[in-house]
Amino acid sequence: MKDAESVTFGGSGLDRRSDLRNDAAALAGLASRADARHLPVWRGKALVAGMARDRLGFVSAGAEVLQYGIVPPVFLGEDNGAPWFAHDISAWEPEDTDLSSLGAFLDPSEQHYPGLPEDERFSELRAVMTRLSARDAELAATAKAVLGWHTTHRFCARCGAPSEITQGGWQRTCPACGAHHFPRTDPVVIMLITHGNSVLVGRSPGWPEGMFSLLAGFVEPGETIEAAVRRETFEEAGVHVGEVTYLSSQPWPFPASLMFGCWGRAISTDLTLDPVEIEDARWVSREYMLEVMAGRSGSMKAARKGAIARFLIDRWLADRLD
C-alpha cells in the first residue's frame with residue numbers, strides 16, 4: 001500500500017461483502033451469529049471502548065441498547081470473518097447529560113448507556129479517530145456516513161413518498177414509484193498550494209481560535225478535480241494556480257465527503273479573500289510551519305491530526321509528496 005493510502009479513514013481492506021446485500025435471509029443469519037458485532041451509533045457518535053477510547057465497542061444481537069434503533073441496521077461487512085452491523089440508536093434519551101455541545105465543530109461530551117461497561121462511551125469521531133486502528137476507523141467512518149445519509153434521505157427524491165431501506169442499508173427504495181437511491185458522497189478538493197518555500201493556509205469563521213488548515217471546496221457538476229482546485233483557490237484567496245497533481249484521498253464522514261488531496265503550484269501570491277468563506281489566509285514558510293507543528297507558534301495552530309490537511313502538510317515538510 002502506498003504511503004498516500006495510510007491517511008486516517010484511508011481504507012483498511014475491509015471486506016464489505018456487497019454480494020450479500022441483496023440476500024435478506026443471509027444477512028439475518030449473519031446478524032444472529034454469536035460472533036456478530038453490532039455497533040451502536042448515537043446521533044453520529046459511535047460506541048468506543050477502553051479508558052483511552054482507542055477501539056470500537058460493540059454488543060451482541062438482542063442487546064438492550066439496540067431497542068432504540070430508529071432504522072434497520074446497516075451491514076458494514078466482515079472483519080476477519082466476523083460480521084459487523086451498525087445501528088442508529090438515536091431514539092435513546094440520555095438522562096442528566098449536558099447536550100449543549102452536540103453539533104459543535106468538536107463535541108467534547110461523551111454519553112454512557114446504563115448497562116454497558118463503564119469504559120464504553122459514545123464519542124465524537126473527530127476526537128478519537130487517530131486512536132483507532134485502521135480497521136476500526138474505516139468501520140466507524142462507514143457507519144457514521146451511511147446512517148447519517150438515512151437520517152436526511154427518508155423520502156423519495158423523485159416523488160416525495162417515504163422510502164424504505166433495502167440492500168442491507170446500502171439503498172433506499174421507493175414503494176410508490178420504484179426509484180432507487182444510494183448513499184451520497186460529496187467530492188471535495190483540498191489543496192496544498194505552494195509557492196517556492198511557502199504553503200498557503202487559511203481559516204474559516206467559527207473554527208477554534210488560531211487553527212489554520214489548507215483551503216478546500218466542493219467539486220461542481222461538470223468540473224474536473226484539477227479545475228476545482230484552481231477555481232476554489234482563486235475564489236477563496238485570489239491566488240492563481242498552474243500545475244495540479246493528485247496526491248491522496250480521504251473519506252470524511254462530516255457528514256459525507258470524499259476529500260481529494262491535491263498539490264497545486266501557485267503562479268501568483270497576492271491574496272484577496274472571500275470573507276464569507278475565509279476569515280484569514282497567509283503564506284507560511286516551511287521553517288515557520290515546522291514551528292507551528294511543534295506547538296511553538298503563539299498565533300497559529302496546526303490542522304488537526306487525522307485530517308488529510310495535516311497528512312499533506314506533514315509530507316510536504318518531509319519532502320514525501322508521493
Side-chain angles (χ1 to χ4, degrees), residues 1-2 4-18 21 37-50 52-58 71 73-80 82-90 102-107 110 120-153 165 167-171 182-190 213 216 218 248-261 303-312:
M1 183 174 69
K2 296 194 308 179
E5 295 180 70
S6 63
V7 63
T8 303
F9 307 134
S12 65
L14 174 68
D15 185 356
R16 300 195 171 210
R17 293 303 308 272
S18 59
R21 293 175 184 172
R37 298 181 174 184
H38 296 267
L39 174 67
V41 179
W42 180 78
R43 302 184 189 179
K45 297 182 175 185
L47 183 69
V48 293
R53 310 289 188 261
D54 56 359
R55 65 184 186 275
L56 289 183
F58 61 89
V71 294
V74 171
F75 175 54
L76 301 178
E78 293 182 349
D79 176 22
N80 293 320
W84 277 80
F85 293 83
H87 299 251
D88 187 345
I89 60 137
S90 296
L102 287 180
F105 182 85
L106 178 59
D107 175 11
E110 295 181 325
E120 295 190 358
R121 304 280 171 142
F122 293 99
S123 299
E124 166 60 45
L125 189 53
R126 278 192 180 96
V128 301
M129 60 187 182
T130 58
R131 304 177 208 158
L132 301 176
S133 68
R135 178 57 50 81
D136 278 4
E138 183 175 356
L139 286 164
T142 303
K144 177 177 171 60
V146 178
L147 290 176
W149 174 73
H150 284 299
T151 299
T152 57
H153 290 75
I165 294 178
Q167 293 279 338
W170 289 88
Q171 182 175 294
F182 302 91
R184 172 177 171 176
T185 299
D186 300 321
V188 176
V189 288
I190 183 162
S213 185
F218 290 99
S248 180
S249 64
Q250 179 183 45
W252 192 245
F254 305 104
S257 297
L258 177 60
M259 311 291 289
F260 293 100
R304 291 184 56 82
K305 291 182 179 180
I308 192 172
R310 178 66 173 262
F311 180 88
L312 296 176

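All values below were derived from every heavy atom in this structure, side-chain atoms included, with hydrogens, water molecules and symmetry-related copies excluded.
- Note that the CZ atom of Arg43 and the CZ atom of Phe122 stand 11.0 Å from one another [nearest 0.5 Å].
- Heavy atoms only, all atoms of each residue included: Arg131 and Ala52 are closest at NH1-O, 2.9 Å.
- Side-chain contact between His150 and Ile165 is present, with heavy atoms from C-beta onward closer than 4.5 Å.
- Annotation for Ser123 and Val128: closest pair CB-CG1, 4.0 Å, computed over non-hydrogen atoms.
- From Met129, atom CE reaches atom OG1 of Thr8 across 6.0 Å, with rounding to the nearest 0.5 Å.
- Across all their heavy atoms, Trp42 and Ser90 have their closest contact at CD1-CA, 3.8 Å.
- Asp186 CG to Phe218 CZ: the interatomic distance, rounded to the nearest 0.5 Å, is 5.5 Å.
- Separating the CE atom in Met259 from the CG atom in Leu312 is a distance of 9.5 Å, to the nearest 0.5 Å.
- Between the side chain of Arg310 and the main chain of Ala303, a donor-acceptor pair closer than 3.5 Å is present.
- Checking side-chain atoms of Arg126 against main-chain N and O of Arg304 turns up no donor-acceptor pair under 3.5 Å.
- The shortest heavy-atom contact between Gly50 and Arg55 is CA-NH1, 3.6 Å.
- Proximity of Ile190 to Trp252: side-chain heavy atoms (C-beta onward) are nowhere separated by under 4.5 Å.
- Contact of the His38 side chain with the Phe58 side chain is not registered, since no non-hydrogen atoms from C-beta on lie closer than 4.5 Å.
- Contact record, Pro183 with Trp170: CD-O, 3.2 Å, taken as the closest heavy-atom pair.
- The distance from atom CD of Glu138 to atom CG of Leu132, rounded to the nearest 0.5 Å, is 12.0 Å.
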Working for side-chain contact (heavy atoms from CB on, under 4.5 Å), residues Leu56 and Trp84: CA-CA 11 Å; Leu56 289 183; Trp84 277 80; 4.1 Å; yes
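- Judged purely by distance below 3.5 Å, without hydrogens or angles, the side chains of Thr142 and Arg16 pair a donor atom with an acceptor atom.
- Among all heavy-atom pairs drawn from Gly169 and Val74, the shortest one is CA-CG2, 4.0 Å.
- Under the side chain to side chain donor-acceptor pair (under 3.5 Å) test applied with Glu110, the options Lys45, Arg53, Arg121 reduce to a single match, Arg53.
- A heavy-atom distance below 4.5 Å is not found between the side chains of Gln250 and Phe311.
- Here the side chains of Leu76 and Val146 are not in contact, with every heavy-atom distance at 4.5 Å or above.
- Here the straight-line distance linking atom CD1 of Ile89 with atom CG of Leu47 works out to 8.0 Å at 0.5 Å rounding.
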